[in-house]
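To start, the structure itself, in structure tokens.
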2 protein chains.
Amino acid sequence: MATRLSALAHEGRLTIFRLLVRAGPTGLAAGDIARQLEILPNTLSANLNVLSHAGLLASHRQGRSIIYAADFGAMRDLIGFLVEDCCDGAPEICAPLGDVLARVACCVPSTANLEPAR
Amino acid sequence: MATRLSALAHEGRLTIFRLLVRAGPTGLAAGDIARQLEILPNTLSANLNVLSHAGLLASHRQGRSIIYAADFGAMRDLIGFLVEDCCDGAPEICAPLGDVLARVACCVPSTANLEPAR
DNA sequence: TCCATAATTCCACGATAATAGAACTATATG
DNA sequence: CATATAGTTCTATTATCGTGGAATTATGGA
């Protein structure tokens, strides 16, 4: 988990990851990322490698391009780790997270038993 | 936020922070931390400094000891940042978090029923 | 085959981080 | 005041990270 945190603890890589999360499961070609964020291709490649090695990205070749996509499961696990690790004895930390989840309106529970009240 | 992530992206510091979260708002003296985790005092001091500088710890002197305590608000903000940043367009990531929150049983909304699990 | 494009890998350099020994500051106590 | 304890700061050393230029691999098209 430290490796995963470390991968995100870098302004540039955090930006890359955010872009890829927004791009969705389809992902983006390395070149597109480089263009949008104005990063040198070799620097980008190094950072994509760090993120991939941390399990945060998946990639596959498509023609001449290599498509990178955020691994949603890995990110969920990371956040879950932080939440469980912190909540274990500290309700002050994760109690307000229910509000956050409600605010982003992305987690209306089908299986979860959180009240979508509001 | 990258600074905060970076502070936690270190095995030793993550362990220190976890210990302090479990210690609760009371916190622990630096010496106690050093003893429990078997870290050299100067190394510990350096790492406590990194965590403090990232806003994750608060400290105050008490007699000869210096008491460190986890800043719950900072941690909540960090997790909130990750959740909102990721959920923005990616329900796959934070939808399951409702389950996580329910599992740790620390974030039951004030309106819902409180289950004394564990 | 030849060329252009896409991306990576190699390599070198400077910057930053991690650790540990030694010295230092602050507090308490006799 | 002398001494012991608690932490920090100083300093040096080593390791790792981040970046960019140049060369390399892989693919597609004329």
Rounded to whole Å, the CD-C1' distance (B/Gln36 to D/dA6) equals 16 Å
To the nearest angstrom, the CG-P distance between A/Asp32 and C/dA6 comes to 9 Å
**OP:** Determine whether A/Phe17 and A/Leu44 fall in the same hydrophobic cluster, where Ile, Leu, Val, Met, Phe, Trp and Tyr are linked whenever their side-chain heavy atoms lie under 4.5 Å apart.
**Re:** yes
Of D/dT8, D/dA6, D/dT19, the nucleotide closest to the side chain of B/Ser65 is D/dA6
### Task
Check whether any side-chain N or O of A/Ser45 sits under 3.5 Å from a backbone N or O of A/Pro41 as a donor-acceptor pair, and report yes or no.
no
Atom CD of A/Gln62 and atom C1' of C/dA7 are separated, to the nearest Å, by 15 Å
note: B/Ile39, atom CD1; D/dA6, atom P; distance rounded to Å ~ 16 Å
Of the listed C/dT9, C/dA20, D/dT19, the closest approach to the B/Leu40 side chain comes from C/dA20
Picking from C/dT8, D/dG28, C/dA28, the nucleotide nearest the side-chain atoms of B/Arg64 would be C/dA28
Review point. Do B/Asn42 and D/dG7 have a side chain to base donor-acceptor pair shorter than 3.5 Å?
Key: no
Between CG of B/Leu8 and P of C/dA17 the distance, given in whole Å, is 15 Å
What one should report as the nearest heavy-atom pair of A/Met1 and A/Leu78 is SD-CD1, 3.9 Å
When A/Leu44 and B/Arg13 are each assigned the nearest nucleotide of DNA chain C, the 5'-most assignment goes to A/Leu44
Requested in this report: Kindly say whether A/Leu20 contributes a backbone atom to a donor-acceptor pair with the side chain of A/Arg18 at under 3.5 angstrom?
Outcome: no
Winner on side-chain proximity to B/Ala46, out of C/dT19, D/dG7, D/dT19, is C/dT19
note: A/Arg35, atom CZ; C/dT5, atom C1'; distance rounded to Å ~ 10 Å
Atom CG of A/Leu48 and atom P of D/dT19 are separated, to the nearest Å, by 12 Å
By nearest-nucleotide position on DNA chain D, the 5'-leaning member of A/Arg61 and A/Asn47 is A/Asn47
Describe the nucleic acid contact of A/Ala34 in one word from base, sugar-phosphate, nothing, applying a heavy-atom distance below 4.0 Å.
nothing
The nucleotide from C/dT27, C/dA7, D/dG7 with an atom nearest the side chain of A/Tyr68 is C/dA7
Within the structure, does a side-chain N or O atom of B/Thr43 lie under 4.0 Å from either OP1 or OP2 of C/dT19? no
From CD of A/Glu11 across to P of D/dC17 the rounded distance in Å is 18 Å
- Do A/Phe81 and B/Leu14 have side-chain heavy atoms sitting under 4.5 Å apart? yes
